[in-house]
Every structure is written in structure tokens, then in C-alpha cells.
2 protein chains.
Amino acid sequence: MCYGFYLTYLIREKEPGALSRAGEDAVRFMALSDSGRGDPRQTLRLLWRGLAEKPGKPARGRKPRITADQIVSAAVSLADRERLPAVTMEGVAAALGVGTMSLYTHVPGKAELMDLMVDAAWGELDLPAEPPARPEGWREQVQLYARETLALYRRHPWLREITTVRPPLGPGLLGRQEYLLSSLADIGLPARQVTASAGAVVAFVDATAGFEAEHQHAHEVTGQTEAEWWAARQSFWEDLFDPPSYPTITRLWAADGLAGSTAESVAEAREFGLRALLDGIEAAVRTPPTGR
Amino acid sequence: MCYGFYLTYLIREKEPGALSRAGEDAVRFMALSDSGRGDPRQTLRLLWRGLAEKPGKPARGRKPRITADQIVSAAVSLADRERLPAVTMEGVAAALGVGTMSLYTHVPGKAELMDLMVDAAWGELDLPAEPPARPEGWREQVQLYARETLALYRRHPWLREITTVRPPLGPGLLGRQEYLLSSLADIGLPARQVTASAGAVVAFVDATAGFEAEHQHAHEVTGQTEAEWWAARQSFWEDLFDPPSYPTITRLWAADGLAGSTAESVAEAREFGLRALLDGIEAAVRTPPTGR
DNA sequence: AGCTTTTCCGTATGTGCTACGGCTTTTATT
DNA sequence: AATAAAAGCCGTAGCACATACGGAAAAGCT
């Protein structure tokens, strides 16, 4: 999750000056869940497999029983249903009715499969580029992004479990970036702040959407409701929590005005925060804060 | 990462009405990296092991060679140096010079160890409760939180790799919540918006700090600089990127005004976003947005 | 000394990724 | 046709890791 500053990458680097040849990438660190090691060229070709379906292919050899697309969507539905740990090469292969190792004919490895899953998911966003469907003001456009992202995370809560510093350069994420940047490009900010504000929006929206989605799915997957989770920890309040040490928590607890379900509170924080963020961006348009 | 709405939990649930007895929690889903399954009681006791060092302990049986604290800090330094995947029970035990299985005497399992690591890390935050060291205005207090959090993530970039919907109820996280809530409790917002704004702040600050930290450490760990990473993907720009399909990205790229290193851009987005968020909260104080 | 309690840890099991290499299927060449 | 070449399929095996189990070792108690 937190593709926060992806756009930063997208924009900044054009320098063709290669350094390490890197036909074989250094083993990428794995965080959250892994994503993209191996030969980046190959992964890129897979990410953009929609294009470049080379037409005059000789097509020799055995006919493939499965395609990369099928593998990706099988993996995605597995993850949708049972979360990321359930996505094993065995499981995906079984879902397709082939042997485990057959997957490796179409996909370099699990990390690359993750990249493909991520980009496929982001590609689902419906962010119209043209006025009929596209909302009018930039605020509305950003809010559409926020809504779509929340819906996306709800459909695919596992998105949150895959890191993306140095994310897949695929059409899905690229499309998202284009949309957001185009929304913010001409509101009157200097270029630098266009990037900054877009980065801030993505960071906030992704974080809150991811959290909310995971929160909701936690119940479905564990079979444990939030109330049950708390109940199992009731001894905390009885034995360990020391009110004088935490006066504000205690006070707010006593005041209680907050009520509502946790889900509601989370949603409120999301709404409130996004509005505040947009207000702040708007203020920056009127009065350049740093005066750059 | 994204402890976003932790405070929501902390405040909302007091209902003692237990549901499932749950001496044995349902297997908790693992996201990002796992955290906390097993008997919550035992984990809680470990989290608060600082207190409750029962004084009149008979102290029978073999003397322990290691303590939970030692295990946690060994795990933390391992993670600091080599990231989360390097934290294996074997590795931690080896660092302490004991057999692998000895760890299980002091810690129920790896998931619980993660919880302990997380709470220990958050406990490092230096957030003074009293005026001498504590800044004056609430904005400054929140900014102090942001600075401290950024520093924390830089020290412990693996924090980002551990999920925390339903996080460990330990002193570290509790302390953080108390600080933030106390900063925002009396600025003039209704209780409900105190929670919302605190949630928004935590979501944003955590997301950006986590991203920035991971970004920086990516280089150190992989040995691959960002430039190298891009170089390995140069073929993307040459063969796959279609400028007409992404006009804004192309335009901003051409404009280039953004310059600076990616690290700078990330930092800018963080600063810009936090300022905007605080501005928005301040505006909400003056003019209740929903009028609740 | 013998008993109890607590800790230590070797072994074994299960899960998961993936390298390897043989096999099958399909097309091209002679 | 017969043979070669290409492409895909997948069984086996190796390795890494968490952890259940159970016995050995150490410390105090009676």
C-alpha cells in the first residue's frame, strides 16, 4: 500500500544514464510482501502484455494451457477470498487445474506475480479523463479518486499488504497517476507543489482506504468480530490500564461523545482528513505558503 | 504501519460485555507481517512486563539464560540491520547464543514477538507531557509528533512492514495516543472531531514517514540506488511508455521544474501535506464544517 | 537425597518457493 | 514421412522457516 510518491518517481527520472547494467537486479528487499525482483525487463513486458502482442508470431511448440492473465486473475480472486497468505503457487495452480511448476512458464516467480496483481487491481479504477463522466472541479476529481480508491481497497484488501516503494511500472498505476496529476496540474500551484500535493493526497487516501478495508475484512477472515477481539482483551482494562497515567484517554472515554461504531469513526477520520487536506491545498493556491 | 485509527479503538470500546470467551483467539489473519495471535492475555502480560514484576516471586527452577527483553531487542536490532525477513527465530536465537527453541520459553511465538517489537519501538518516542519540554501550541505539538515519528521510522524502517489493524495494546502505542489526543483535545473541536483529526494526523504522518524511511533504506539494503533501479527499467521509457496516452505526466516531465532528488520531493510532499492538514483542522475549529 | 519446577534445546514435521531436468505437444525442415 | 526444433508441462528434490514434542539439565525445596 501507500503508493504515496509513485508520481514523484514517474516524473523525476528521465536520465537515460544507466549505471549498473543489471540484467539481473540485485535481490530486492522484501517488505510487507515481496514484489518485483528478477529481470525487470521481463516483468515490464508482462505488465504491458496488453500491448505488444507481437502479431507475426511464428507460434511453434506446444499450445499453452493457461495464460498470464488467467494466473493473475486466479491469484487475485484467491487473495480476495482468503487474503494474501493463501496465495501460494500451489493454490493458484490448483485453482487453474495445472501443476504448480507450470506457472513458472508464464510468470518468473511469485514476486513478479504480486506486481502483476497490484497493477491489475489499480487498473480497475474508473477515472474518466474526459468531461462527460469526469467531474468538474479539481476537488470533485480528487474526491472521485478517493471514492474509487476506497472501493478498490474494499474489493482487494490484500493491496494493503504489498509494499511499493519502487512499485511496478504498469498501466494501472500509470493511469492513476495521470488522472491525479491532471486534476491538480492546473489549479494554480507551481509544478513542485503539484507533485507535493498529489503525493500528499495519495498518501492520505491510500493509508485511510487501506486501513478501513483491512479493518472490515479482518472480521470476515478471522471470524472474530471487533467486539470479540476486545472481549478477549478485556483483562487489559481491568488489570493493566492505569487511568492516571493516561488522563486524556480516560477523559475522552468518560465523555463518550464519540460513540458510533469504530467503522464509523474510521470513516469520519477519513472524510474529515480529506476535507482538511483539500482545504489546505486550496489555501496554498490562494496564498503561496512558502512563497516559492 | 498505519496505526491510523488506533485511538479510535482505544476510546470507543469499553463495553465489558464479552462474547466469545476466546481463551484461544481465532487464528488471526496475517497481513503485511503477522502480529498477535495466540492467547491475548499472555501477550498483554508480556507487553506490560515492565509493571507487574511480581515482587515476591519464589524463583524456583533453572535460572533463565535470557529474558523477553533481550529477545525483543535482539530481534529489533536484527530488523534494523537487515529488515524484517531476516528476523527468523533461528537468527534471533543465534544472536543471543541460545538454541532456537529456547525462545519459545519466553515468547509464545513469532507473531507475539512482532507485537513486542512494535510496541517497544513506539515506546521510544520522546513526547513530553509537561510544559518545559513540551511545545506550546497544538500545531507545534503535532509537528513534534511528526518529527519524532519520522525519526522513529528511520531508525526502524521495518515498522512499516507490520500491520496493525487491531494493534498491540502496549505502553508504547498507548503513550503515543495519549500525547496526540491531549494535544488536540482542547483546541475547540467537538469530541468526535478530536478523534477524527487525530486519526487523520496519525494516518498521514505514519504513511509518509513510513514511506520515506523505507525509501531511504531500500538503497542500503538492496545495494541498489534509485538511479540504478531506474536504469534497469530504462527500456520502459524507450519501448513501452506512450506519451500521448499520458499527457500530464509527459507535460510535467517536460516542464521539469520539479527537479531535486526524489528524497527531496518526498519530504516536500510530507511537509506540504502536514501543513495543509493542520490548516484544515484549524479551519474546522473556526467554522465547524458539518456544524455538528 | 529425592522431588518439583523451570528452563534449555535436538529432532521431526509441515508448509512453501523454486531449480532441475525429463517428457509431451506442436510446428518447421528435409 | 521422418527428423529436428521449439515451447510448454510438471514430478522430484532441495532448502528455509515456524513450531510441536519430549527428554535432559539445572535450581530450589523438603
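Values below: every heavy atom of this structure, side chains too, minus hydrogens, waters and symmetry copies. Note on naming: letters A, B, ... go to the chains in the order of the sequence lines (proteins, then strands), and numbering restarts at 1 for each one.
Between the side chains of A/Gln70 and A/His106, no donor N or O sits under 3.5 Å from an acceptor N or O.
Following rounding to the nearest Å, B/Tyr104 (OH) and C/dT6 (P) show an atom-to-atom distance of 22 Å. One can place NZ of A/Lys110 at 14 Å from P of C/dA19, the figure rounded to the nearest angstrom. For B/Arg65 and D/dA25, the CZ to C1' distance is 12 Å, given to the nearest whole Å. Going from atom CD of B/Glu90 over to atom P of C/dG10 covers 12 Å, rounded to whole Å. Atom-to-atom, CD of B/Gln70 to P of C/dT7 comes out at 14 Å; the value is rounded to the nearest Å. For the pair B/Ile71 CD1 and C/dT7 P, the interatomic distance rounds to 11 Å; values are reported in whole Å.
The side chain of A/Val98 approaches D/dC10 more closely than any other nucleotide in the set C/dC9, D/dG8, D/dC10. The side chain of B/Ser102 has C/dC8 as its nearest neighbour among D/dA20, D/dC10, C/dC8. When the nucleotides D/dA20, D/dC9, D/dA18 are ranked by their closest atom to the side chain of B/Met89, D/dA18 comes out on top. Listed candidates were C/dC9, D/dG8, D/dA18. Nearest to the side chain of B/Met101 is C/dC9. Here the nucleotide nearest the side chain of B/Lys63, chosen from D/dG28, D/dA18, C/dC8, is D/dG28.
Ring pair A/Phe236/B/Trp48 is tilted by interplanar angle, where 30° to 60° counts as tilted. Taking the six-membered ring where the residue is Trp, B/Phe241 and B/Trp237 present perpendicular rings, their angle passing 60° and hence far from 30°.
Residue-to-nucleotide proximity on DNA chain D shows that, of B/Thr88 and A/Pro64, the 5′-proximal contact is made by A/Pro64.
Looking at heavy atoms from C-beta onward, B/His217 lies in side-chain contact with B/Arg83 at the 4.5 angstrom threshold.
In terms of modelled atom types and a separation under 3.5 Å, the side chain of A/Arg155 and the main chain of A/Ala121 share no donor-acceptor contact. At distances below 3.5 Å, not a single donor-acceptor pair connects side-chain atoms of A/Arg176 with backbone N or O atoms of A/Leu173.
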Criterion side chain to side chain contact (heavy atoms under 4.5 Å, CB included) on B/Leu103 and B/Leu96, from CA distance to verdict: CA-CA 10 Å; B/Leu103 301 184; B/Leu96 293 168; 4.2 Å; yes
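When the local axes at the two ends of the helix from C/dA1-D/dT30 to C/dT30-D/dA1 are compared, using 5 base pairs at each end, they differ in direction by 20° after rounding to 10°.
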Return the polar atom pairs (N/O with N/O) between nucleotides 1-6 of chain D and the protein under 3.5 Å, or none.
| unit_1 | atom_1 | unit_2 | atom_2 | d |
| --- | --- | --- | --- | --- |
| D/dA5 | O4' | A/Arg60 | NH2 | 3.3 |
| D/dA5 | O3' | A/Arg60 | NH2 | 3.4 |
| D/dA6 | O4' | A/Arg60 | NE | 3.4 |

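Under a 4.0 Å N-O distance rule, the pair A/Glu226/B/Arg166 does not qualify as a salt bridge. Using a 4.0 Å cut-off between a side-chain N of Lys or Arg and a carboxylate O of Asp or Glu, B/Asp239 and A/Arg45 do not qualify as a salt bridge.
At the phosphate of D/dC9, OP1 or OP2 sits under 4.0 Å from a side-chain N or O atom of A/His106.
At a threshold of 4.0 angstrom between heavy atoms, the contacts of B/Ile66 are confined to the sugar-phosphate backbone, with no base atom among them.
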